[in-house]
Amino acid sequence: MSSITLKNLVKIYEGNVLAVDDLSMAIADREFIVLVGPSGCGKSTVLRMIAGLEEVTAGELYIGDKLMNDVPPRDRDIAMVFQNYALYPHMTTYKNMAFGLENRKIPKDIIDTKVRTAAKILNIEDILNRKPKAMSGGQRQRVALGRAIVREPAVFLLDEPLSNLDAKLRTVTRTEIIKLHKRLGATFVYVTHDQVEAMTMGDRIVVMKDGRAQQIGTPEEVYHQPANIFVAGFIGTPPMNFLKARVGLDEQGYFLQIDETKIHLPHPRQSLTDYLGQTLILGIRPDNIDIGITGLPAKVEVAEALGGETHIYLDYRGEKLIAKEQGSVNVQVDDLVRLYFAEDAIHLFDPDSGNNIAAAQ
């Protein structure tokens, strides 16, 4: 049983630095969960507490049904893959992968079987006699993964394992890790600041900020139903657009007023009753904006043709917006265009709390 349960977890460093603040979540057996957020949000600290490399200041941490707060790392049945690979430079691939097993006095024939099996899984059989300095970054990453695999742990902890790879290799290795998870049937806890990695790899995502979980959900839930402005702006490439809009009601129903532009909402939203006449934050994703002949007036600043799509950077009275259009779009710098917002894709956020008060239907 390799489920992980965090109950009101807190980590305070020397100098009263609060790194993790009252974090609670349940990670299911064999789940692939991703902790994502900007640098300094506490995600790596959470991983290190699960590993036993950081002491828990308050709260409870369970692996399976066993309380792990005071259990040393070697007794937690976990393996950790670090950002910098942490390979022994004087050892070959084979020795790097075998070293931990040798320290545990595992028989040599069993070690050999485990190392060669892991090497086959990771397609590194041809570099078993190489030392790290003679390997590419991708090969070193595979060796680090292999060192974890041979231990056959219940839980894999991966701390930004792809951050030192180039863009193409990151994509390839990302796919390999997903396949590895399915093949091994273990619980994976993965830390990254890259929201593309989070969206493509995780069964669920934990979006963190300032030591707190802002939202926990599937990639689809986090993308389509962001809990607050931070999550909405952090998840999605290009990021969500935000504008101030006043809530009104007429014979056609609720509408949003942005200066002279009125946008009617297609569905009755009773949650807006308390906000009539007030100004909220409208959120709209770039792919839910179309260039049309009516709508919000904006000036084109840059149009990036990316082959299959075009990103159009716009200025509306000093507010910067991005529209993502399929294919090529015939617009030029300084053109005045009209922006049509897909009404059923509009999000509304409370300007004080930042919470999503009327998620897209």
Side-chain angles (χ1 to χ4, degrees), residues 8-10 12 16-25 35-43 193 195 198 205-218 220-250 253-286 288-289 296 298 314-322 339 341-361:
N8 307 111
L9 213 61
V10 175
I12 301 175
N16 205 33
V17 176
L18 181 62
V20 177
D21 185 10
D22 194 31
L23 178 64
S24 295
M25 64 176 170
L35 308 182
V36 64
S39 297
C41 71
K43 56 189 185 294
H193 65 276
Q195 53 96 12
I205 300 172
V206 182
V207 184
M208 295 190 65
K209 177 190 177 190
D210 298 332
R212 299 184 68 90
Q214 302 295 305
Q215 186 170 0
I216 302 174
T218 66
E220 291 77 15
E221 289 169 346
V222 172
Y223 183 83
H224 293 292
Q225 299 172 334
N228 55 41
I229 287 178
F230 175 78
V231 175
F234 189 82
I235 297 294
T237 304
M240 185 178 283
N241 299 289
F242 300 104
L243 286 169
K244 292 180 179 179
R246 184 175 58 81
V247 179
L249 181 65
D250 60 17
Y254 290 109
F255 64 85
L256 302 172
Q257 190 83 40
I258 307 174
D259 298 317
E260 298 82 22
T261 302
K262 183 184 285 190
I263 302 172
H264 277 93
L265 300 174
H267 308 292
R269 302 190 183 193
Q270 297 304 317
S271 58
L272 294 183
T273 302
D274 294 338
Y275 293 91
L276 281 174
Q278 297 186 32
T279 297
L280 300 179
I281 306 299
L282 176 155
I284 186 79
R285 294 205 178 275
N288 296 131
I289 298 178
L296 198 72
L314 304 135
D315 179 274
Y316 169 71
R317 299 187 179 183
E319 299 287 346
K320 304 305 178 183
L321 304 173
I322 306 174
L339 306 180
F341 295 174
E343 296 96 338
D344 58 357
I346 288 174
H347 298 265
L348 293 173
F349 302 92
D350 185 289
D352 297 321
S353 67
N355 291 334
N356 192 335
I357 62 168
Q361 301 293 310

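Quick caveat, the model's predicted, so the values are computed rather than measured.
Contact annotation: the side chain of Ile12 approaches that of Val10 to within less than 4.5 Å [non-hydrogen atoms, C-beta and beyond]. Using a 4.5 Å heavy-atom threshold, the side chains of Phe242 and Leu321 count as separate. Taking the side chain as every heavy atom from C-beta outward, Val207 and Leu35 never approach each other to under 4.5 Å. For the pair Glu319/Leu296, no side-chain contact is recorded, criterion being any heavy-atom separation below 4.5 Å from C-beta on. A 4.5 Å side-chain heavy-atom check between Ile346 and Asn288 finds every atom pair outside the cut-off. Residues Val206 and Val36 form no side-chain contact, since every pair of their non-hydrogen atoms from C-beta on lies 4.5 Å or further apart. Put simply, the side chain of Ile216 does not reach to within 4.5 Å of the side chain of Ile205, judged on heavy atoms. Within the 4.5 Å cutoff, side-chain heavy atoms of His264 are placed close to those of Asp250.
The distance from atom NE2 of His193 to atom SG of Cys41, rounded to the nearest 0.5 Å, is 11.0 Å. The structure places CG of Leu243 at 6.0 Å from CG of Leu282, a figure rounded to the nearest 0.5 Å. Gln225 contributes atom CD, which lies 8.5 Å from atom NE2 of His347 (distance to the nearest 0.5 angstrom).
For the pair Gly318 and Asp315, the tightest heavy-atom approach, listed with the atom from each and the gap, is N-OD1, 3.3 Å. Between Lys262 and Gln257, the shortest heavy-atom contact is CE-OE1, 3.6 Å. Here the closest heavy-atom approach between residue Pro351 and residue Thr279 is recorded as CG-O, 3.4 Å. Between Phe255 and Leu249, the closest heavy-atom pair is CE2-N, 3.3 Å. A pairwise comparison of heavy atoms in Ile258 and Ala245 identifies CG1-CB, 3.8 Å as the closest pair. Across Lys43 and Met208, no two heavy atoms sit closer than the pair CA-SD, 3.9 Å.
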Could you list the donor-acceptor pairs under 3.5 angstrom formed by side chains in residues 227-238, with sequence neighbours left out?
{"unit_1": "Asn228", "atom_1": "OD1", "unit_2": "Phe230", "atom_2": "N", "d": "3.2"}
{"unit_1": "Asn228", "atom_1": "OD1", "unit_2": "Val231", "atom_2": "N", "d": "2.9"}
{"unit_1": "Asn228", "atom_1": "ND2", "unit_2": "Gln214", "atom_2": "OE1", "d": "3.1"}
{"unit_1": "Thr237", "atom_1": "OG1", "unit_2": "Gln195", "atom_2": "NE2", "d": "2.1"}

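A search for ring-ring contact (aromatic ring centres under 6.0 Å, His included) contacts involving Tyr275 returns nothing, not counting sequence neighbours.
Proximity of a side-chain donor or acceptor of Asn8 to a complementary backbone N or O of Asp22 within less than 3.5 Å is not detected. A donor-acceptor pair under 3.5 Å links the side-chain atoms of Asp350 to the main chain of Asp352, judged by distance alone.
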From CA spacing to verdict: side-chain contact (heavy atoms from CB on, under 4.5 Å), Ile289, Ile284: CA-CA 7 Å; Ile289 298 178; Ile284 186 79; 3.9 Å; yes
query: Run the side-chain contact (heavy atoms from CB on, under 4.5 Å) check on Leu272 and Leu265 step by step: do they pass?
result: CA-CA 11 Å; Leu272 294 183; Leu265 300 174; 3.6 Å; yes
- request: Given salt bridge (Lys or Arg N to Asp or Glu O under 4.0 Å), test Arg246 with Glu260 step by step and report yes or no.
  value: CA-CA 11 Å; Arg246 184 175 58 81; Glu260 298 82 22; over 6 Å; no
- request: Output, in order, the C-alpha distance, side-chain angles, deciding distance and verdict of side-chain contact (heavy atoms from CB on, under 4.5 Å) for Val247 and Leu256.
  value: CA-CA 5 Å; Val247 179; Leu256 302 172; 4.1 Å; yes
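Geometrically, Arg285 engages Tyr223 in a cation-pi contact, judged by NZ or CZ lying under 6.0 Å from the ring centre and within 45° of the ring axis.
Residue Tyr316 is tested with Asn241, Leu339, Asp259 for a side-chain contact (heavy atoms from CB on, under 4.5 Å); the sole match is Asp259.
More than 12 heavy atoms of other residues, nucleotides or ligands sit less than 6.0 Å from atom NZ of Lys320.
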